[in-house]
Amino acid sequence: MTQVRLDEAVTSAPGPQRKSIVERLFELRARETTVGREVRGGLTTFVAMAYIVLLNPLILGASADITGAKLSAAQVTTATALAAAVMTVLMGLVGNAPLALAAGLGINGIVAFQMAPAMTWAQAFGLVVLEGVCIVLMAVSGVRERIMNAIPGPLKTAITVGIGLYIALVGLVSAGFVTRTPDAAHSTVPVRLGIDGHLDGWPIAVFCFGLLLMTVLMSRKVPGAVLISIAAATVLAVVLHDGFGVGEWGLTTPTLPRSVVAAPDFGLLGHVDLFGGFAKAGALTATIFLFTLVLSGFFDAMGTITSVSAEAGLSKNGRVPRMGRILFVDGAGAIAGGMSGSSPNTVFLESAAGVGEGARTGLASVVTGLLFGATLLFTPIAGIVPAQAAAPALVVIGGMMVAQCRNIPWHDPDYTIPVFLTVALIPFTYSITNGVGAGLIAFVLIKTFRGKWREAGWILTVLALVFTVYFGIDVVKAIL
């Protein structure tokens, strides 16, 4: 009888539960998250970076190519939303990381103001595609991951801290809380508080309201704190603008649109000339443009991926799961940006806003990507949120990232100056690449002159030489 009962018990014991498709794709339980948190995180990331759909057309549209041709704002808007949607969803499905992609700020300026005047738009986008091919090849070969793994932990932490300051500064500047002094060369300070050294106007009040509300809600660990704050600040902005005629909001005016639907224009899709830029601008000039694109795209993304992943708690022993896939998608983003006509797409710093809301998996990226896809038809809705409402998320999340300072060995002379240069130059020069380059060069020099050059390793030594060329590119051009 005992044996029978034992057999019955074994037979009736429940087997392993079948995982849902969402669980199998995104490993929600392993990363201690839920569908609700991922959806909130993805929505928050979209709200924080939706401005790129409006800003990228302004930047690319502000310049003409060598023939005098300018890009259509409607076409660039469509291209920007399309590339961001496709690549962000792909990042979620392939990389399973809460990282959103869109046309990179800064690098789109290189395309618009340096490359386009020397060649046609099609040729400029052709070089962007070639940049993506180079980065994809480095990702597939494992070179890109080896480079990232070769960078010491303290310098990776410094990158996270520098990007935190960078994000916070971007938020403060976009909200108008901090502005550049018009004649900085004859002023005691290069930047100042508000417009004239004082905070003034309702837009700034909206920013302060959103920042304070977000700080309080996050301190009380209220679910959806970031999203609630952005929504509340946006409602206040719309009431002030539409109800009381308050203006001077900057790029995005918080007004209810007359129509919520706008037809997309795919006119730039596939408008690419891969190698024509070498003939039009000259082989040397085109090669330098390509070198600049690759270096900027490589290290900007590296810093963002490292810092956002660390903030999300995904890094294990300094390494990020599925890094090879993440780097592949990021490189493919540059190709997609060139093929769509939106300039190189890369991982966005604003992904940290979604992480701050609880995003831990690629499901958040899928949500963000689908929302970008929706903007192809509902572009007017994406234009409601003003910078003053979204910027508090950047300031708060940036501050959280700066807390990583506690993990930096400030007492170690091998790292003190390299870490400081990395942390300082990323926000001061508005460039992740500049900060990473200065830190690596300083680190290799210190190791070399202290007789520890083997500790730096050949990978970092080569990178230091590459960055030396990067910083002295004008001298190299003059010599050649």
Side-chain angles (χ1 to χ4, degrees), residues 13-50 81-102 139 218 221-228 230-231 301 304-316 319-333 336 345-378 381-382 393 397:
Q17 295 182 349
R18 294 186 61 183
K19 295 181 179 179
S20 66
I21 295 178
V22 173
E23 178 62 33
R24 291 201 301 270
L25 284 175
F26 304 111
E27 304 171 351
L28 301 181
R29 293 178 185 174
R31 298 192 183 182
E32 300 179 348
T33 185
T34 65
V35 172
R37 287 175 60 183
E38 296 302 305
V39 171
R40 287 200 309 269
L43 180 57
T44 300
T45 295
F46 171 75
V47 171
M49 61 185 289
L82 176 64
V86 173
M87 296 315 303
T88 302
V89 169
L90 193 62
M91 177 63 79
L93 296 176
V94 176
N96 192 22
L99 301 168
L101 289 82
M218 292 189 72
K221 298 182 180 180
V222 175
V226 175
L227 195 56
I228 291 172
I230 292 175
T304 303
I305 293 169
T306 300
S307 58
V308 175
S309 298
E311 190 64 26
L314 302 181
S315 299
K316 298 178 180 178
R319 300 191 178 190
V320 180
R322 300 196 184 191
M323 178 58 83
R325 296 184 181 186
I326 292 173
L327 295 177
F328 174 83
V329 175
D330 176 72
N345 275 226
T346 187
V347 176
F348 250 57
L349 289 170
E350 283 79 356
S351 301
V355 168
E357 192 55 58
R360 296 292 181 271
T361 75
L363 179 57
S365 294
V366 172
V367 172
T368 302
L370 292 176
L371 290 171
F372 269 117
T375 62
L376 287 169
L377 294 175
F378 300 100
I381 295 179
I397 302 305

Exercise. Please answer whether the main-chain N or O of Leu28 pairs with a side-chain N or O of Thr33 as donor and acceptor at a distance below 3.5 Å.
Key: no
Quiz item: How many angstroms lie between CG in Leu90 and CE in Met87, if you round to the nearest 0.5 Å?
Solution: 4.5 Å
Self-check item: Spacing of Met91 atom CE and Phe328 atom CZ [to the nearest 0.5 Å]
Solution: 11.0 Å
Quiz item: Is the side chain of Arg31 donor-acceptor paired with the backbone N or O of Arg360 at a distance under 3.5 Å, no angle test?
Solution: yes
Quiz prompt | Considering all heavy atoms, the nearest Asp330-Ala301 contact | solution = OD2-CB, 3.2 Å
Practice problem: Give a yes or no on whether a salt bridge exists between Glu27 and Arg322, defined as a side-chain N under 4.0 angstrom from a carboxylate O. | Solution: yes
Quiz item: If you take all heavy atoms of Ala364 and Pro98, which pair is closest and at what distance?
Solution: CB-CB, 4.4 Å
Practice problem: Would you check if the side chain of Ser365 reaches a backbone N or O of Leu99 as a donor-acceptor pair within less than 3.5 Å? | Solution: yes
Quiz item: Within a strict 4.5 Å, meaning less than it, do heavy atoms of the Phe26 and Leu93 side chains meet?
Solution: yes
Practice problem: Using side-chain contact (heavy atoms from CB on, under 4.5 Å) as the criterion, point out the one residue from Thr88, Leu327, Leu101 that pairs with Val347. | Solution: Leu101
Practice problem: Mind listing the closest non-hydrogen atom pair of Gly373 and Ala85 along with its distance? | Solution: N-CB, 3.4 Å
Quiz item: Is there a donor-acceptor pair closer than 3.5 Å between any side-chain N or O of Asn96 and the backbone N or O of Thr361?
Solution: no
Self-check item: Qualifying residue for side-chain contact (heavy atoms from CB on, under 4.5 Å) with Glu357, from Val226, Val39, Thr45
Solution: Val226
Quiz prompt | Among Thr368, Val367, Val366, the one residue meeting side-chain contact (heavy atoms from CB on, under 4.5 Å) with Leu370 | solution = Val366
Self-check item: Side-chain donor/acceptor of Ser351 to backbone N/O of Ala100, under 3.5 Å
Solution: yes
Self-check item: Nearest non-hydrogen partners of Ala97 and Ile326, listed with the distance
Solution: CB-CD1, 3.8 Å
Quiz item: Quick one: OG1 on Thr375 to CG on Leu82, what's the gap to the nearest 0.5 Å?
Solution: 9.5 Å
